[in-house]
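Source: prediction; values computed, not measured. Hydrogens, waters and symmetry mates play no part in the numbers below; they use all other heavy atoms, side chains included.
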Amino acid sequence: MEQRATTHHVNKLSFILLILSLAFPSSSFELRPSVADSTFLHRNDTAISDFRVLNRRALFQCPDLNPYLQINVTTQGDLSDEQFITVNVSGVFVPSDGDWAKYVTSDPSYLSCENQKCQKYGNNGGCEVRTCAGSLSFHVVNIRTNIEFVFFAGGFSTPCILTKTDVPLKFSNPNSPLHGHLSSVDSTATSMRLTWVSGDKEPQQVQYGDGKSQTSEVTTFSAADMCSEFRLGSVVVPSPAKDFGWHDPGYIHTAVMSGLQPSSTFNYKYGSDAVGWSAEIQFRTPPAGGSDELKFLVFGDMGKAPLDSSAEHYIQPGSISVIKGMTEEVENGNVDSIFHIGDISYATGFLVEWDYFLNLITPLASKVSYMTAIGNHERDYSDSGSWYTGPDSGGECGVPYETYFPMPTPAKDKPWYSIEQGSVHFTVISTEHDWTGKSEQYEWMKTDMASVDRSKTPWLVFTGHRPMYSSLGADDQFLETVEPLLLNNKVDLVLFGHVHNYERTCSIYKSECLAMPEKDKNGIDTYDNTNYTAPVQAIVGMAGFSLDQFPDDAPSWSLVRISEFGYVRAHATKDELKLE
């Protein structure tokens, strides 16, 4: 059977590593029918795997014949809020490139058994039993619960425990204030919202500027708030978020820093004397709506990837390099704000992965306004009020997303809003809620765009998650219903994600090019909107998820198609909106 090493927190297994082989009957290890059905149902939409339901199987002690297997963890005391841990697995009889899959073959001494130990000497002094060892590194962040490393066998269908760390590893401060991220609350840019996570439910503070402070409002969510079931014909199955993917989120704190100035730099820290304080962080407010200049980044479908070689249920391979590139731009002072338009973390019902995502974006989101739109992998689920009824959110139904990313929306589960920064008015919609002609959101879109003062914000940018135009197909009803609003209100630019590539159109309406760009002296496509014809639409869903390739016969309205990881950099003045 296969043997595996893994981290284990609460009753969840998060990082795996293939190691050796034996065989056990499966009858004692079978998943209960509801979990088996849920695994089958959610596999394609949430990337659920046999690994992710391992914690719903019985994990018995293996009748192991190897007395030498050991796991040792190299760490000094309790765990910090973020660190890499070296895990040493020893006592392996015969290492092979199949033992550890792709993860530990990075240790060059393992396959060659350079790190060997004699476990038993014969009467003549010669070694009769020799074993091999290898090391691997795990990246951990403070998830407020203890962590174990478990060496198990039997594969995913018949798992049993060979050995594990003697004592679970504890975080030194489970109540640490972590993952602070900023968002705008209105178009004045004189206030900024800070949201962070802690294991402590008591209010904390953000201290900022010259001696100012605000006390946090505290909220959380529970498994009871997750969508509980999905119907597959007459079969009712539990959602990952409700069942085998649940992880306690701790407490989410939020506070609004007021009395700021637009386009200005301030320092802040957050926490309390009781739980500790974050480091002091410098952030920049965006320009006020109606001012001249705005520099922003925009992308969709980023998600996260592990910083080690472990396996998660859903990995977005481009996310690390994209975040690195954007962090450099933020640190160089080239960014006023960021827009992440749907498919945020791809946790899809495995709640601990929100902690890893928030940790990953902290270098960005703690320093500039990080605005979001909801996507299918945050909201969609059967009988939950979402417009599309697939199981894409894994049962989260927008609850974690709206808790972690409070936007200036009209109300809970109405995640649409508008905001003005510099010379741009952003209309941000939810493609996952009803957008049909008599819906509340449709009326809001119509009113919002009609109210824009183009002398103040000459650029109108419309954005959401699912596209109207894609070479790979889109929802015709969405196009037919909403596109006339864009033309009537002279929307300049439409940005969507959902499809995992970059694609840009001509000035388009009803699938026809009403105008084409011209090349300027530098070879840049230039659309002359002084003679407005129709919006330009672009898909920017290339920030992390595995890329979608284009068909050979792309439609004529598709002018630029790039299947590479990246993001869009935008620079708006009152005369020009430039995108790279």
**Asked** Taking the six-membered ring for Trp, is the centroid-to-centroid distance between Phe149 and Phe138 below 6.0 Å?
**Response** yes

**Whether Asp308 side chain and His139 backbone form a donor-acceptor pair below 3.5 Å** = yes

**Prompt:** For Gln204 and Tyr251, what are the C-alpha separation, side-chain angles and deciding distance, and is it a side-chain contact (heavy atoms from CB on, under 4.5 Å)?
**Reply:** CA-CA 11 Å; Gln204 298 171 21; Tyr251 296 91; over 6 Å; no

**Request:** Can you establish whether the number of heavy atoms outside Asn332 located under 6.0 Å from its atom CG is more than 12?
**Result:** yes

**Request:** With the side chain counted from C-beta on, respond yes when Asp301 and Tyr346 share a heavy-atom pair under 4.5 Å apart, and no when they do not.
**Result:** yes

**Asked** Just how far is it from atom NZ of Lys304 to atom CG of Asp355, taken to the nearest 0.5 Å?
**Response** 11.5 Å

**Message:** Between Ser386 (side chain only) and Glu432 (backbone N and O only), is there a donor and an acceptor less than 3.5 Å apart?
**Reply:** no

**Prompt:** Can you tell if the side chain of Tyr404 reaches within under 4.5 Å of the side chain of Thr195, non-hydrogen atoms only?
**Reply:** no

**Item:** Heavy-atom donor-acceptor pair, His253 side chain to Val206 backbone, under 3.5 Å
**Value:** no

**Prompt:** Is the backbone N or O of Ser222 less than 3.5 Å from a side-chain atom of Asp225, with the two atoms forming a donor-acceptor pair by type?
**Reply:** yes

**Close side-chain approach of Pro306 to Ile315, heavy-atom, < 4.5 Å** = yes

**Message:** If you compare all heavy atoms of Phe171 against all heavy atoms of Val141, which two are closest, and at what distance to 0.1 Å?
**Reply:** CZ-O, 3.0 Å

**Prompt:** Is there side-chain contact between Ile341 and His465, with heavy atoms separated by less than 4.5 Å?
**Reply:** no

**Separation between CZ of Arg130 and CZ of Phe93, rounded to the nearest 0.5 Å** = 12.5 Å

**Request:** Spell out, as yes or no, whether a donor-acceptor pair under 3.5 Å connects the side chain of Asp343 to the backbone of His377.
**Result:** yes

**Request:** Please confirm whether the backbone N or O of Gly250 pairs with a side-chain atom of Thr220, one donor and one acceptor, at under 3.5 Å?
**Result:** yes

**Asked** If every non-hydrogen atom of Leu472 is compared with every non-hydrogen atom of Pro551, which pair is closest and at what distance?
**Response** CD2-CD, 3.7 Å

**Request:** Run the numbers on Thr163 and Gln70 for side-chain contact (heavy atoms from CB on, under 4.5 Å), then give the verdict.
**Result:** CA-CA 7 Å; Thr163 187; Gln70 288 185 336; 5.8 Å; no

**Asked** What distance do Ile539 atom CD1 and Ile562 atom CD1 have between them, rounded to the nearest 0.5 Å?
**Response** 12.5 Å

**Prompt:** Which atom names give the shortest non-hydrogen contact between Pro177 and Gly276, and what distance separates them?
**Reply:** CG-O, 3.4 Å

**Asked** Ignoring hydrogens and geometry, is there a side-chain-to-backbone donor-acceptor pair from Glu378 to Gly375 under 3.5 Å?
**Response** yes

**Prompt:** Any side-chain heavy atom of His247 within less than 4.5 Å of one from Thr145?
**Reply:** yes

**Prompt:** Which atoms form the tightest heavy-atom contact between Tyr381 and Cys227, and what is the distance?
**Reply:** CD2-CB, 3.6 Å

**Message:** If I compare all heavy atoms of Ser471 with all of Phe550, which pair ends up nearest, and what's the gap?
**Reply:** CB-CD2, 4.3 Å

**Request:** Please report the C-alpha distance between Leu79 and Ile85 in whole Å, then the side-chain angles of each, then the deciding distance to 0.1 Å, and finally whether the side-chain contact (heavy atoms from CB on, under 4.5 Å) criterion is met.
**Result:** CA-CA 9 Å; Leu79 301 174; Ile85 299 173; 3.5 Å; yes

**Short side-chain to backbone donor-acceptor contact, Asn173 and Val275, under 3.5 Å** = yes

**Prompt:** Looking only at atom types and distance, does a side-chain atom of Ser216 sit under 3.5 Å from a main-chain N or O of Gln205, one as donor and one as acceptor?
**Reply:** no

**Prompt:** Are any of the side-chain heavy atoms of Met326 and Val335 separated by less than 4.5 Å?
**Reply:** no

**Pair Tyr401-Thr372, side chain to side chain donor-acceptor pair (under 3.5 Å): steps then yes or no** = CA-CA 9 Å; Tyr401 163 77; Thr372 58; 2.8 Å; yes

**side chain to side chain donor-acceptor pair (under 3.5 Å) between Asn88 and Ser135, intermediate numbers included** = CA-CA 4 Å; Asn88 303 300; Ser135 297; 2.5 Å; yes

**Message:** Would Ser563 and Gln549 count as a side chain to side chain donor-acceptor pair (under 3.5 Å) here? Give the steps.
**Reply:** CA-CA 6 Å; Ser563 187; Gln549 301 303 313; 3.1 Å; yes

**Request:** Report yes if the distance between the aromatic ring centroids of His340 and Phe299 is under 6.0 Å, otherwise no.
**Result:** yes

**Asked** Which pair of heavy atoms, one from Phe84 and one from Leu307, lies closest together, and at what distance?
**Response** CE2-O, 3.7 Å

**Asked** Would a line drawn from the ring center of Tyr314 to the ring center of Phe545 be shorter than 6.0 Å?
**Response** yes

**Within 6.0 angstrom of Glu580 CD, more than 12 heavy atoms from elsewhere** = yes

**Request:** Find the distance between CZ (Arg379) and SG (Cys397) and round it off to the nearest 0.5 Å.
**Result:** 5.5 Å

**Request:** Any chance you could measure Ile338, atom CD1, to Ser369, atom OG, to the nearest 0.5 Å?
**Result:** 8.5 Å

**Prompt:** Glu353 side chain to Phe350 main-chain N or O, any donor-acceptor pair under 3.5 Å?
**Reply:** no

**Message:** Go through it in stages, so that I can follow the logic: the residues are Val218 and Glu202, the test is side-chain contact (heavy atoms from CB on, under 4.5 Å), and I'd like the CA-CA distance, side-chain angles, deciding distance and then a yes or no.
**Reply:** CA-CA 7 Å; Val218 188; Glu202 296 301 318; over 6 Å; no

**Asked** Which value, rounded to the nearest 0.5 Å, describes the distance between Asn334 atom CG and Arg569 atom CZ?
**Response** 7.0 Å

**Message:** Just checking Asn124: does its CG atom have more than 12 heavy atoms from other residues, nucleotides or ligands closer to it than 6.0 angstrom?
**Reply:** yes

**Student check: side-chain heavy atoms of Leu297 and Val368 closer than 4.5 Å** = no

**Request:** Could you check whether the rings of Trp196 and Tyr270 sit parallel, tilted or perpendicular, using 30° and 60° as the cut-offs?
**Result:** tilted

**Asked** Centres of the His181 and Tyr370 rings: under 6.0 Å?
**Response** no

**Prompt:** Quick one: are Thr254 and Thr219 in side-chain contact, heavy atoms under 4.5 Å?
**Reply:** no

